[in-house]
Number of protein chains: 2
Amino acid sequence: MSIDPYSHTPVYVQLADLLRQRIESGELAAGANVGSEFRLAQEFGIGRDAVRMAIAMLRSEGLVTTSRGHGTQVRETPQRRQVELAPGSSVIARMPSGGERRALQLDEGVPVLEVHDPAGGVEVLAADEVELTRPA
Amino acid sequence: MSIDPYSHTPVYVQLADLLRQRIESGELAAGANVGSEFRLAQEFGIGRDAVRMAIAMLRSEGLVTTSRGHGTQVRETPQRRQVELAPGSSVIARMPSGGERRALQLDEGVPVLEVHDPAGGVEVLAADEVELTRPA
DNA sequence: TATGATTTGTCCGTATGTATA
DNA sequence: CTATACATACGGACAAATCAT
């Protein structure tokens, strides 16, 4: 699989799709380095801009994390703990605000669950650590 | 509030934080234009790259939408319909893959709800249109 | 401790295409 | 038709953070 610069789909989308496939197939395992921007640009014969945009896409999907001087790694997906949705409560999923992301130490691309209990209380949970359940 | 190019936090993150605050405080209301990339770059004395990355971050958080020739607007907060979580089912929230986002025609920054019913069926819902409930 | 290599962050320039006002 | 504005894409250059030696 390679990249077609004459395709209607943008080069950076093609690269993001390609890397996403490598991640989901396990070819790039959790913790693995995706490769430097320079190396990816050379490997696929594209510019660094396109590589950066592709990586940014994967970050916003919660698939990778990037740190300066270190590179981009495939995110470890934490074990989800089961949380029972209490009777009379409701929940919405959304992206966290900047303050929430820092307070909960969330990576980019990780949604939050906003749980409202009948008493009016609100709890915000990292969505990638939780599986909501309702007993049969 | 302004931007410190010598801070250890990237300029584009600082700009995203600043604009996010203006949006959440209501200073930039729903539907309002956040200003062109060129104007923002000049106003804060930063480069195009940083502005574009900041806007891309806000898009990936579902706060704004961008359209060609028109600019970037603050996103309207969507109406949510109530969906009852059926007994014996479970749900996780995550960001959609690129293919899912295209298939479901989701804006950037909109999580999905993956609902598993007891029979083994799976349903994927746009998280910004749904409020999950469990009756008392 | 210090130095250099690697990698991302940021700036800038240029170009073409497309959608909107 | 023109001007504005974003989308995509290439290129170069330097700064700053991290890591290995």
Handout entry: Base versus backbone protein contacts along nucleotides 16-21 of chain C [heavy-atom cut-off under 4.0 Å; B, S, -]
Key = -BBBSS
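- Salt bridge annotation for B:R75-B:D107: present, with a cationic side-chain nitrogen under 4.0 angstrom from a carboxylate oxygen.
- Taking atom CD on B:E108 and atom P on D:dA7, their separation rounds to 9 Å, with Å as the unit.
- Where B:T72 and B:Y6 each meet DNA chain D at their nearest nucleotide, the meeting point lying more 5' is that of B:T72.
- Protein atom CD of B:E37 is 16 Å distant from nucleotide atom P of C:dT10, rounded to whole Å.
- In this structure, A:D49 does not pair ionically with B:R52, as no charged nitrogen and carboxylate oxygen lie closer than 4.0 Å.
- Here the P atom of nucleotide D:dA5 and the CD atom of B:Q42 are 11 Å apart, to the nearest Å.
- Applying the salt bridge (charged side-chain N to carboxylate O under 4.0 Å, His left out) criterion to B:R59, with sequence neighbours excluded, gives B:E108.
- By the side chain to side chain contact (heavy atoms under 4.5 Å, CB included) test, B:V130 is found to be paired with B:R81, B:V83, B:L113, B:L125, B:L132, residues two or more places apart in sequence or in another chain being considered.
- Evaluation of the side chain to side chain donor-acceptor pair (under 3.5 Å) rule for A:E84 yields B:R134 as partners, not counting sequence neighbours.
- The pair B:E114-B:R94 meets the salt-bridge criterion, with a side-chain N (NZ, NE, NH1 or NH2) lying under 4.0 Å from an Asp/Glu carboxylate O.
- In this entry C:dT1 has no Watson-Crick or G-U wobble partner, no candidate having both defining distances under 3.5 Å.
- B:I55 is not connected to B:Y12 by any chain of hydrophobic side-chain contacts under 4.5 Å among Ile, Leu, Val, Met, Phe, Trp and Tyr, and they are in different clusters.
- What separates CG of A:L40 from P of C:dT6 is a distance of 16 Å, to the nearest Å.
- The pair B:R20-B:E61 meets the salt-bridge criterion, with a side-chain N (NZ, NE, NH1 or NH2) lying under 4.0 Å from an Asp/Glu carboxylate O.
- One interatomic measurement links the two molecules: CD of A:Q73 to C1' of C:dT8, which rounds to 12 Å at whole-angstrom precision.
- At whole-Å resolution of the value, CG in A:D4 and P in D:dT8 are 16 Å apart.
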Pick out the pairs of N or O atoms, protein on one side and nucleotides 9-14 of chain D on the other, that lie under 3.5 Å.
unit_1 : atom_1 : unit_2 : atom_2 : d
D:dA9  : OP1    : A:V11  : N      : 2.5
D:dA9  : OP2    : A:V11  : N      : 3.0
D:dA9  : OP2    : A:Y12  : N      : 3.2
D:dC10 : OP2    : A:G47  : N      : 2.8
D:dC10 : O5'    : A:G47  : N      : 3.3
D:dC10 : N4     : A:D49  : OD2    : 2.7
D:dA13 : N6     : A:R48  : NH1    : 3.4

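- A:E27 is linked by a salt bridge (charged side-chain N to carboxylate O under 4.0 Å, His left out) to A:R22, counting only residues two or more places apart in sequence or in another chain.
- Phosphate contact (OP1/OP2 of C:dG9, side-chain N/O of A:R52, threshold under 4.0 Å): present.
- Within the 4.0 angstrom heavy-atom criterion, no nucleotide atom of any strand lies near B:M53.
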